[in-house]
Amino acid sequence: MAPDRSGRPGASAPAFNPVTDEELESCPFCEGREDRTPPETLALPSEGREPDTPGWLVRVVPNKYPAFEQQEVVVHAPFHARSIVELDDAQLGLVAEAWRLRAVAARAEGFEHVFACVNEGKGGGASLMHSHSQLVWLREQPPVPAAEQSGEGCRLCDYLTQEREDGSRVVLERDGLMLLCPYASRAPYECLIAPLEHESSGFQSVLLGGGLALAAEALRRLHALGGPCPANLWLHEGGHWHLELLPRLTVFASVELGAGHYVNTLPPEEAAQTLRG
Ligand SMILES: [Zn+2]
Ligand SMILES: [Zn+2]
Ligand SMILES: [Zn+2]
């Protein structure tokens, strides 16, 4: 933790640029532009319309520029939302349902692992601003969640119990889920969202939609403080599923990327206190 560094010149947060006509006119994800994406693999609600026509709430299409063997895009809303903060809990429930159904489809085709993630803003790696998630189909578990699960027993179960007793880093608990700013957060306002009871699969959990709603709530409170900001959000499956939300208010540099030491200017206790407020 290096709180004094937040006052140094140039350390202020990068913001979203205002929405331009060009962004709206060129967006392939808005309703009515279904012909600008590859044919859909799923749309919700699933009945009552022809494929690749308007009338959907959540739509899944293959990524036009995949980096992996199979990679899909989940368009979060028919209207031009730029962030999950603009989506209500029912809409995020549909996003969770789309993730679940496509994870089942991936498994049926021999891809045991799906990495689900959201990038928001250019600084978060998003190439299109219209709110969407990526589903990367993988045959092997990616290294980060695999490393988290090494060792005996469930460390997250023990960890959540400790955090609950301590309370200083907990933002809120709702519907069987906890939202907290984890101990040793890598960056200001990093958040962890996890079910209080042990569950290994987020895709199969009835709590996944609630988890996405909590991530949106955390981001909503953060946007209220300093305006929209780039962010990354991902689901870790296996072990004890959880969502990790990483607002990108700072830039990771050599010490973070090369040494693996994350220099954070905001202690998680302060971040949690601010988000509770
Ligand atoms: Zn759009
Ligand atoms: Zn557990
Ligand atoms: Zn994790």
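Each ligand, and each atom within it, is numbered from 1 in the order the structure gives.
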Check all N, O or S atoms of His80 and name the one closest to the Zn ion (ligand 1).
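Of the nitrogen, oxygen and sulfur atoms in His80, the Zn ion (ligand 1) lies nearest to ND1.
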
Atom nearest to the Zn ion (ligand 1) - His130, N, O or S atoms considered
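Of all N, O or S atoms in His130, the Zn ion (ligand 1) lies closest to ND1.
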
Could you identify the N, O or S atom of His240 positioned closest to the Zn ion (ligand 2)?
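The closest N, O or S atom of His240 to the Zn ion (ligand 2) is ND1.
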
Minimum heavy-atom distance Tyr183-Arg169, with the two atoms named:
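The pair with the smallest heavy-atom distance is N-CD, 3.7 Å.
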
Return the name of the atom in His242, of element N, O or S, nearest to the Zn ion (ligand 3).
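Sorting the N, O and S atoms of His242 by distance to the Zn ion (ligand 3) puts NE2 first.
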
Mind reading off the angle at the Zn ion (ligand 2) between the SG atom of Cys157 and the ND1 atom of His198, rounded to 10°?
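Rounded to 10°, it measures 110°.
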
Can any side-chain N or O of Glu120 pair as donor or acceptor with the backbone N or O of Ala126 at less than 3.5 Å?
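Such a contact is absent between Glu120 side chain and Ala126 backbone.
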
With a 3.5 Å distance limit and no angle check, can you tell me whether Glu190 reaches the backbone of Arg186 through a side-chain donor-acceptor pair?
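The answer is yes, because a donor-acceptor pair under 3.5 Å joins these two groups.
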
Cys30 SG and Cys27 SG subtending at the Zn ion (ligand 1) (10° steps):
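SG of Cys27, the Zn ion (ligand 1) and SG of Cys30 span an angle of about 120°.
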
Closer than 4.0 angstrom, basic N to acidic O: yes or no for Arg139 and Glu69?
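Judged by the 4.0 Å cut-off on N to carboxylate O distance, Arg139 and Glu69 do form a salt bridge.
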
Using a strict cut-off of less than 4.0 Å between a Lys/Arg side-chain nitrogen and an Asp/Glu carboxylate oxygen, indicate whether Glu217 and Arg221 qualify as a salt bridge.
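Yes, charged N to carboxylate O under 4.0 Å.
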
Report the angle formed at the Zn ion (ligand 3) by atom ND1 of His236 and atom OE2 of Glu244, rounding to the nearest 10°.
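It rounds to 100°.
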
Check the angle between the aromatic planes of His236 and Phe115 and answer parallel, tilted or perpendicular using the 30° and 60° thresholds.
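Ring orientation of His236 relative to Phe115: tilted.
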
